[in-house]
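All remarks here apply to the structure that follows.
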Amino acid sequence: MRQGQRVKYFVQLMLIILLRMDKQGLAAKMAVNCLKGIHMAHLGLIGIGVMGSAFAQNLAEEGHDVSLLDRSADKMAETVQEAKGQGLKGQLIACADAEAFVKSLPKPRSILVLVPSGGPLDSVINMLKPLLDKGDLIADLGNSNYTDTEKRVADLEDTGLLFLGMGISGGAEGARHGPSIMAGGSRQSWARVKGPLQDSAAKFEGDPCCDWFGPGGSGHFIKMLHNGIEYADMQLIAEAYGLMSNGLGMSATDIGTVFKGWMDGPLNSYLVEIAAEVALATDPKTGAAMLDVILDKAGQKGTGRWSVIEALHLGAPASMMAAAVEARNISADLEMRAEMEAAFGPSPQKISTSQADAVAALEQAMIAAKVCAYAQGFEVLKRASDAFEWDFDLAAIARVWRAGCIIRSVFLDEISDVFDKGVAKHLALAPVFQEHLKANTPALQSVVVMGISNGHPVPAFTAALNYHNMRRTGRSTANMIQGLRDYFGAHTFERLDAPGEKFNGPWHD
Ligand code: 3PG
């Protein structure tokens, strides 16, 4: 049981005893206040969509009162009604308008906003600004671009208001029963909402998956990268599915069973678990496998693409996220793909390797590639931390991803351990990940060869292999790049026998 809960139960027990002994009710009143002081908060929440409604109920379940504001009075009424039906400890209060909402909150006010990023968020901020007092806090729980968050923190703090940018992952289910939360902004702002947010967050062995990581847009940067890794993970799953389906001729049910089996090993993760469920599901309309009726056109809201753009700016590797974004981009152009297939013939061919061997190799290739995806993700985070002086605690980032979020996996516990102990400069060099890579890279290589030689697009697997191979090549081929740069642009190069000095080649003598 968590410390906070123990204290709460103790105070509740005291309250019952006091109620029995204290006929005037004076001591009981003191105990009620004490109970409120220890735990309860009264927050505001704007945006009662699927996520907002679920998160409000989560906070109420933890004993917090929440004032609600949404354009739809019906949605608020539904949320309040549902909460009543569940007998939640905290109260949900639907407010008629912004004035009533702001008045309902104790000062200094703490307001969580769960609306789409960009314009809708700015409208909410502009609506609140004239109604709030100095010291009041607005926290954005949407998927905002971290550069926008940086600006909002600066703008609002100039007016005396506080602003937090928080990434929240876990979908509606997570929002209701415990999401993973990544906060950024001032320490003072964080201190105001830390208690209720950590109460509502997912727990990994009792630790809340909710933390503050630094100033400005740092929380949203971490959430963005979380999504970048999520894109890479999902693309690997899609490529494995494609090899099994188009290459080995396996049914969706057989593929679902393979994914299910992977849950017993190092690939145990939320995404593999739901990949099994998606593959095993049946279309209620036709009775066919769900996967066989879903249009092969992927959407995206932008965080994967932003991750790649930021990684490029920072000079950090993000080839797997880039492969995933590109695969989604190309998938979206259905007509062009159909035209190309008609012109060139279909690409993926049947794979002659035995199904058992190919599936075993795929599991191992997934392990190696997943290590590469996380290694790239943490390289980007480290670069950003250095460049923006955020001083990220990488172990703490891995810790908040161990439960509640979409990329939660057994790997993340190992990753937090590696960073906690400071045993390696790079994830791949940590003994546990060295072992994963040494044992599984040969399979990654054979899967890439198997895919490419049979016409299967495997961009994320290939990117993983190339990343690992480049990282482990002591003498690269960049000497040729330097020679060419110097030839056409006199950009100079260093010599192996005179490091640090600049030279030109004999090209134009
Ligand atoms: C989200 O944040 O909603 C998802 O994790 C990523 O969304 P996308 O796949 O639509 O970009």
Side-chain angles (χ1 to χ4, degrees), residues 46-47 51 110-126 128-129 136-169 179-194 197 201 209-231 301-316 318 321 377-394 396-398 400-401 405 407:
I46 300 183
M51 292 282 285
S110 298
I111 299 171
L112 312 177
V113 184
L114 242 168
V115 301
S117 53
L121 174 64
D122 285 328
S123 308
V124 167
I125 293 173
N126 291 334
L128 287 173
K129 257 173 26 185
D136 287 348
L137 164 77
I138 301 175
D140 165 25
L141 274 70
N143 262 334
S144 293
N145 188 305
Y146 83 98
T147 53
D148 294 337
T149 306
E150 296 266 306
K151 282 190 214 118
R152 288 186 184 116
V153 169
D155 289 353
L156 286 168
E157 295 199 346
D158 271 355
T159 69
L161 295 174
L162 304 178
F163 189 79
L164 275 178
M166 297 198 289
I168 160 163
S169 175
S180 163
I181 301 175
M182 299 138 253
S186 69
R187 271 186 197 276
Q188 184 198 359
S189 312
W190 171 237
R192 291 268 297 281
V193 287
K194 177 181 172 187
L197 290 180
C209 292
C210 168
D211 215 338
W212 170 85
F213 293 100
S218 57
H220 274 140
F221 190 96
I222 293 170
K223 172 61 186 2
M224 174 190 77
L225 242 293
H226 163 282
N227 284 18
I229 297 172
E230 174 185 307
Y231 272 51
K301 291 201 287 286
T303 42
R305 186 171 56 235
W306 297 344
S307 299
V308 178
I309 294 169
E310 291 309 323
L312 287 173
H313 281 310
L314 290 162
M321 299 176 210
F378 278 93
E379 278 202 50
V380 181
L381 288 168
K382 174 82 179 72
R383 255 336 146 84
S385 174
D386 293 345
F388 306 134
E389 295 178 358
W390 280 336
D391 198 20
F392 279 161
D393 178 346
L394 298 181
I397 297 176
V400 302
W401 290 348
C405 70
I407 64 168

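All residue numbers refer to positions in the sequence shown, counting from 1.
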Legend entry - Stepwise side chain to side chain contact (heavy atoms under 4.5 Å, CB included) check, Trp212 with Arg187: CA-CA 8 Å; Trp212 170 85; Arg187 271 186 197 276; 3.5 Å; yes
Inset, instruction - Run the numbers on Met182 and Ser169 for side chain to side chain contact (heavy atoms under 4.5 Å, CB included), then give the verdict. - result: CA-CA 9 Å; Met182 299 138 253; Ser169 175; 4.1 Å; yes
Inset, instruction - Please lay out, stage by stage, how Glu157 and Ser189 fare under the test side chain to side chain contact (heavy atoms under 4.5 Å, CB included). - result: CA-CA 11 Å; Glu157 295 199 346; Ser189 312; 4.0 Å; yes
Inset, instruction - Would you please test Val124 and Ile111 for side chain to side chain contact (heavy atoms under 4.5 Å, CB included) and show each step? - result: CA-CA 11 Å; Val124 167; Ile111 299 171; over 6 Å; no
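Although no hydrogens or angles enter the test, the distance criterion places no donor-acceptor pair under 3.5 Å between the side chain of Trp190 and the main chain of Gly185. Under a 3.5 Å cut-off, the side chain of Ser123 and the backbone N or O of Gly119 do form a donor-acceptor pair. Without hydrogens or angle criteria, Thr303 side chain to Met224 main chain gives no donor-acceptor distance under 3.5 Å. Trp306 places no side-chain N or O within 3.5 Å of a backbone atom of Val308 that could act as its donor or acceptor partner. Formation of a donor-acceptor pair under 3.5 Å by the His220 side chain with backbone atoms of Gly142 is found in this model.
Side-chain contact between Leu164 and Arg192 is absent, with no heavy-atom pair separated by less than 4.5 Å. Counting heavy atoms from C-beta outward, Asn143 and Lys223 have side chains that approach closer than 4.5 Å. Inter-residue side-chain proximity for Asp155 and Phe163 is flagged as unmet; no heavy-atom pair is nearer than 4.5 Å. Residues Lys129 and Leu156 form a side-chain contact, since some pair of their non-hydrogen atoms from C-beta on lies under 4.5 Å apart. Put simply, the side chain of Leu225 does not reach to within 4.5 Å of the side chain of Tyr146, judged on heavy atoms. Here the side chains of Ile181 and Val400 are not in contact, with every heavy-atom distance at 4.5 Å or above. Between Met166 and Asp140 there is no side-chain heavy-atom pair separated by less than 4.5 Å. With contacts defined as side-chain heavy-atom distances shorter than 4.5 Å, the pair Ser144/Arg152 qualifies.
Remark: Ile138 CD1 to Leu128 CG distance equals 5.0 Å, nearest 0.5 Å. A distance of 5.5 Å separates CG of Leu141 from CG of Leu112, quoted to the nearest 0.5 Å. One distance of note links CG of Asp386 with CG of Leu381; it measures 11.0 Å at 0.5 Å rounding. Atom CE of Met321 is separated from atom CD1 of Ile309 by 13.0 Å, given to the nearest 0.5 angstrom. The line from OG of Ser110 to CG of Leu197 is 9.0 Å long, rounded to the nearest 0.5 Å. Expressed to the nearest 0.5 Å, how far CG of Asp393 lies from CG of Asp211 amounts to 8.0 Å.
For CG of Asp122, the number of neighbouring non-hydrogen atoms (other residues, nucleotides, ligands) closer than 6.0 Å is greater than 12.
Taking every heavy atom of both residues into account, Val115 and Gly47 meet most closely at CG1-CA, 3.9 Å. Summarising the geometry of Ser180 relative to Trp401, their closest heavy-atom pair is OG-CD1, 4.0 Å, with the distance given to 0.1 Å. Contact record, Gly217 with Trp390: C-CZ2, 4.1 Å, taken as the closest heavy-atom pair. Of all non-hydrogen atoms in Gly216 and Thr149, the two that sit nearest each other are O-CG2, 3.9 Å. Contact record, Gly184 with Ser218: CA-OG, 3.7 Å, taken as the closest heavy-atom pair. Taking both residues in full, the closest heavy atoms of Phe378 and Leu394 are given as CE2-O, 3.7 Å, listed atom of the first, atom of the second, then distance.
In this pair, Phe221 and Phe388 present their aromatic rings perpendicular. The plane angle is above 60°, beyond the 30 to 60° band.
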